[in-house]
Amino acid sequence: MSIGLTFTGKIDAPPVLLEAAKVLAETRNYHLIAGETGLKVTLCPLGGDLNILWRPEEDPVEPWLVRGSCVSTPAGAGLHRAVAELLDNLPIRALTVEDETGFYRHRDFRRMKEEHFYPWLKTLVDVCRQESGKGVSGMQLCWDLEQYAPEDIPDTVITPMGRFRLGELVRLVEREGIQALADRFFLWDGRTRDARFYRNRAINALWEKCCFAPSSRSKEDSAINSFILNDLERAAKLDPALPLPRSSYREVCALAERTPALPEGPELQEEFSPGYRKGLVTHAVGALRLTLLGSYLYGWEQWKNGGGTHLWSDGAGPVWRVNAYRAQQGDARFTNQLDQLHGVEGRTLKGGALRWGWREVREADELLYQAVCEVIAGPSLFLLTATCGDPGQLGTVAELIGRISVVSAAARRETVQAGR
């Protein structure tokens, strides 16, 4: 379930379209990337991308054909309007737009919201109403399932804009109307990038991206911390009366070693404090589910022989690595590589099993302690290592290994996924 538009048309040549798109992106502070067959303009987070592909006609003297699309939910009606205006200014001829909201034709922004975006949001509220009070866990709305899964809190819903109690979402709409929820749920509900846009963009980053780690730890931390602070300060300038997550702002200021600059104003009052990554989060590698502290940064470690491994590290705790293998025939089996480890133990998982132990290793004349774990799930074998500088950290590693689970190809987590 989503709202968006698609289009087709013709261009003289890709460089002409690309140059015009670059100018528009720079003027409007959008992000553009391009390849041999198309381009993407990112207008905002939460899937706020305009994708355009091109191909030549069979006759080389004829114009090039283009097609493209944008999905406007859950970002909001402001994104939909901005994409329509981008199409107005791109050099695309014979442009045909299929817009399910009708906005590209009638340009009535309020009508688009009331007839399409608000009913879309009401449908989500109806889902929450049906599930409220049942103690449901792991419920997600508009959440990107390709990334980590936050911790479960029964009777709450996970969204890119924060965690909410199911019943409170329902009561908010009943008490104040759908507009009150739209102001908070949609990242871009207004016509322009106004104060609410910058506040909500910062809220999304606080909840979904921020590790609440010092900016000095990594370039990623520095960039996301600065992004959040800049957006909140801009929102305050545009609308001093707008409630902001000021406690989180001061927290990130301390992490960025930046003097707070927000003027006095109202605090955004919400039950849950921003930051999924302040707690534990669960990562998926194939059928494997690995739960780690949200402060860990993910990377791909490239090996000299051409291979590589999934890697998570926070600069202080154990460094986790995961590799996945698949049996050519039948189900995977444990190897004999664990037989020489200390304290080897195993347990049965729903849909698989694991064994693990630990050993001492030396890297660059430094004595380290490494937990080694094998997990089997059908034909898949996963090899995990957690390397520590302090043997006392092996206790934490053991606790996290105790949280490992696997899912079968047929299994589906009980989540509500409203299309992005």
Side-chain angles (χ1 to χ4, degrees), residues 147-151 210-222 224 276-326 332-347 349 352-377 380-406:
Q147 65 169 334
Y148 65 84
E151 284 185 281
C210 187
C211 291
F212 290 88
S215 295
S216 58
R217 185 181 74 161
S218 70
K219 292 181 179 179
E220 293 91 338
D221 293 302
S222 179
I224 197 64
Y276 291 124
R277 301 188 68 158
K278 284 184 174 180
L280 297 172
V281 302
T282 300
H283 303 277
V285 180
L288 178 73
R289 298 297 180 264
L290 174 64
T291 299
L292 300 174
L293 291 172
S295 58
Y296 272 62
L297 293 173
Y298 169 79
W300 176 257
E301 184 178 70
Q302 190 68 37
W303 294 341
K304 292 182 180 180
N305 65 2
T309 183
H310 301 279
L311 182 147
W312 289 269
S313 173
D314 71 349
V319 176
W320 291 78
R321 293 177 172 87
V322 177
N323 284 89
Y325 305 92
R326 189 175 181 87
R333 298 181 179 180
F334 292 119
T335 72
N336 59 8
Q337 296 181 16
L338 302 183
D339 295 342
Q340 304 303 315
L341 301 182
H342 303 291
V344 176
E345 60 182 75
R347 64 185 175 92
L349 306 174
L354 68 76
R355 294 181 67 213
W356 80 281
W358 67 275
R359 64 189 176 190
E360 295 180 355
V361 296
R362 284 196 173 273
E363 292 184 6
D365 295 326
E366 181 182 6
L367 179 62
L368 301 174
Y369 304 86
Q370 186 177 75
V372 182
C373 178
E374 291 183 358
V375 182
I376 55 175
S380 299
L381 169 68
F382 300 93
L383 173 62
L384 295 81
T385 63
T387 308
C388 321
D390 181 349
Q393 293 178 330
L394 288 174
T396 300
V397 170
E399 291 178 9
L400 295 176
I401 288 177
R403 290 175 172 265
I404 287 175
S405 63
V406 296

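Just so it is clear, the values below take in all heavy atoms, side chains as well, and ignore hydrogens, waters and symmetry mates. Please read these numbers as outputs of a predicted model, since none were measured by experiment.
Within 6.0 Å of CD in Glu360 there are more than 12 heavy atoms belonging to other residues, nucleotides or ligands. The number of heavy atoms from other shown groups lying within 6.0 Å of CG (Asp365) does not exceed 12.
Here the closest non-hydrogen pair linking Arg359 and His342 is CA-CD2, 4.1 Å. The shortest non-hydrogen separation linking Ala371 to Ile401 is CB-CD1, 4.4 Å. Scanning all heavy atoms of the two residues, the minimum distance from Ser313 to Val319 falls at OG-CG2, 3.9 Å. In terms of heavy atoms, Arg347 sits closest to Gly402 at NH2-O, 3.0 Å. Of all heavy-atom pairs spanning Leu297 and Ser218, the tightest one is CD1-OG, 3.4 Å.
With sequence neighbours excluded, the residues satisfying side-chain contact (heavy atoms from CB on, under 4.5 Å) with Arg326 are Pro379, Ser380. Partners of Cys210 under the side-chain contact (heavy atoms from CB on, under 4.5 Å) rule, at least two apart in sequence or in another chain, are Phe212, Asn225, Ile228.
Taken from CH2 in Trp320 to CG in Leu293, the straight-line distance is 10.0 Å, to the nearest 0.5 Å. One finds the CG atom of Leu384 at 5.5 Å from the CG atom of Leu288 (value rounded to the nearest 0.5 Å). Leu368 contributes atom CG, which lies 5.0 Å from atom CD of Glu363 (distance to the nearest 0.5 angstrom). We find the CD-OH distance between Gln147 and Tyr276 to be 9.5 Å, quoted to the nearest 0.5 Å. Between Glu399 atom CD and Leu394 atom CG the span is 11.5 Å, to the nearest 0.5 Å.
For the pair Glu151 (side chain) and Val281 (backbone), a donor-acceptor distance under 3.5 Å is absent. In this structure, the side chain of Arg277 does not engage the main chain of Cys211 through any donor-acceptor pair within 3.5 Å.
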Next on the checklist: Run Leu341 and Arg355 through side chain to side chain contact (heavy atoms under 4.5 Å, CB included) and show every step you take.
Outcome noted: CA-CA 11 Å; Leu341 301 182; Arg355 294 181 67 213; over 6 Å; no
Checklist entry - Stepwise, does the side chain to side chain contact (heavy atoms under 4.5 Å, CB included) test hold for Glu374 with Gln337? => result CA-CA 9 Å; Glu374 291 183 358; Gln337 296 181 16; 4.3 Å; yes
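Between Trp312 and Leu290, the closest side-chain pair of non-hydrogen atoms falls below 4.5 Å. For the pair Tyr325 and Phe382, the minimum side-chain heavy-atom distance is 4.5 Å or more. Val397 has its side chain within reach of Cys388: a pair of non-hydrogen atoms, C-beta onward, lies under 4.5 Å apart. You'll find the side chain of Leu292 stays beyond 4.5 Å of the side chain of Arg403, heavy atoms only.
For the residue pair Thr309 / Asn323, a side-chain donor-acceptor distance below 3.5 Å is found, with atom types taken as modelled.
At a threshold of 4.0 Å, the pair Glu301-Arg321 counts as salt-bridged, since one of the basic side-chain nitrogens sits closer than that to a carboxylate oxygen.
Counting only residues at least two apart or in different chains, side chain to side chain donor-acceptor pair (under 3.5 Å) contacts with residues 289-300 comprise Thr282-Thr291, Tyr298-His310, Trp300-Gln302.
Checked options Leu381, Leu383, Leu354, Val322; the residue passing with Val375 is Leu354 (criterion: side-chain contact (heavy atoms from CB on, under 4.5 Å)).
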